[in-house]
Amino acid sequence: MDEREYVLRPIGWVESPLTDRATAPKQGDEGAPDAWLVFAPGVREGLRDLRVGAEIIVLTWLDRAHRDVLAVHPRGEGLRPETGVFLTRSPDRPNPVGLHRVTVAAIDGLRVRVRNLEALDATPVIDVKPVLDPGTER
């Protein structure tokens, strides 16, 4: 396997009341509170067309995940059969990239308030992408 290193540079971080992985919702639509995405000044231009109400995909680096896990019991439920992590949403995986579909609730300069984000406070944000409807080009 190719062992080259790749560098990811966070573009911001999450500000959320969620601080404990054990009690945080497993998915954003399972009771996640509103949270803020706080962006670095160097990416301001990339946010210029973002609007309240937009659905976006936020990619995070799940910095508290275990990177040596390859199989899990989905949702941490021991009665469910063990499954390879690439077919689960487990945060524990070789490259712990979080994928979150959220709705923009407010924009205040470099701060973007979002709904349905289950990421923990201080989680690094590595990218943002639009949700594309079929036939949409961007």
Side-chain angles (χ1 to χ4, degrees):
M1 180 178 352
D2 185 352
E3 295 294 328
R4 288 183 280 183
E5 294 285 324
Y6 297 91
V7 177
L8 287 175
R9 291 181 183 85
I11 60 172
W13 64 91
V14 173
E15 284 185 357
S16 171
L18 299 174
T19 58
D20 179 31
R21 180 176 159 175
T23 59
K26 301 265 189 230
Q27 300 296 323
D29 62 356
E30 296 176 352
D34 282 6
W36 287 95
L37 306 176
V38 182
F39 291 94
V43 300
R44 180 183 303 274
E45 182 70 10
L47 298 170
R48 73 178 190 183
D49 298 310
L50 190 61
R51 300 289 181 256
V52 171
E55 285 190 303
I56 57 174
I57 303 293
V58 177
L59 298 159
T60 59
W61 187 260
L62 304 174
D63 57 323
R64 285 154 269 193
H66 301 282
R67 297 188 68 181
D68 58 350
V69 175
L70 293 175
V72 297
H73 293 279
R75 300 184 64 82
E77 297 172 3
L79 296 177
R80 296 178 79 171
E82 193 173 69
T83 304
V85 294
F86 302 136
L87 295 177
T88 75
R89 295 282 305 220
S90 172
D92 298 319
R93 54 199 321 111
N95 287 309
V97 175
L99 179 70
H100 317 271
R101 184 176 181 157
V102 300
T103 302
V104 175
I107 301 171
D108 182 14
L110 292 171
R111 297 170 51 83
V112 177
R113 188 175 180 110
V114 296
R115 295 196 172 97
N116 295 329
L117 180 63
E118 77 282 12
L120 300 178
D121 188 55
T123 297
V125 174
I126 58 174
D127 205 354
V128 174
K129 296 185 180 288
V131 171
L132 297 179
D133 294 321
T136 303
E137 292 185 27
R138 290 207 178 126

| request: State whether the side chain of Arg89 and the backbone N or O of Leu99 hold a donor-acceptor pair below 3.5 Å, judged by distance alone. | output: yes

| request: For the residue pair Thr60 and His100, confirm or rule out a side-chain donor-acceptor distance under 3.5 Å. | output: yes

| field | Identified side-chain contact (heavy atoms from CB on, under 4.5 Å) counterpart of Val14 within the set Asp121, Leu37, Val114 | value | Leu37

| query | Between Leu117 and Trp13, is there a shared hydrophobic cluster once you connect ILVMFWY residues whose side-chain heavy atoms come closer than 4.5 Å? | reply | no

| If only atom types and distance count, is the side chain of Arg115 paired as donor or acceptor with the main-chain N or O of Asp34 below 3.5 Å? | no

| said: If we count only N and O atoms by modelled type, under 3.5 Å, do the side chains of Arg101 and Asn116 hold a donor and an acceptor together? | reply: no

| What's the spacing between Leu110 CG and Trp36 CH2 if we round to 0.5 Å? | 11.5 Å

| query | More than 12 non-hydrogen atoms from neighbouring residues, nucleotides or ligands closer than 6.0 Å to CZ on Arg67, yes or no? | reply | yes

| task | Check whether any side-chain heavy atom of Leu47 sits under 4.5 Å from a side-chain heavy atom of Phe39, and report yes or no. | result | yes

| Donor-acceptor contact present, side-chain His66 to main-chain Asp92, <3.5 Å | no

| request: Check Ile56 against Val128 and note the closest heavy-atom contact, atom names and distance. | output: CD1-CG1, 3.8 Å

| request: Answer yes or no: is there a side-chain heavy-atom contact under 4.5 Å between Val125 and Trp61? | output: no

| Out of curiosity, Ile126 CD1 to Leu8 CG, how far, rounded to the nearest 0.5 Å? | 5.0 Å

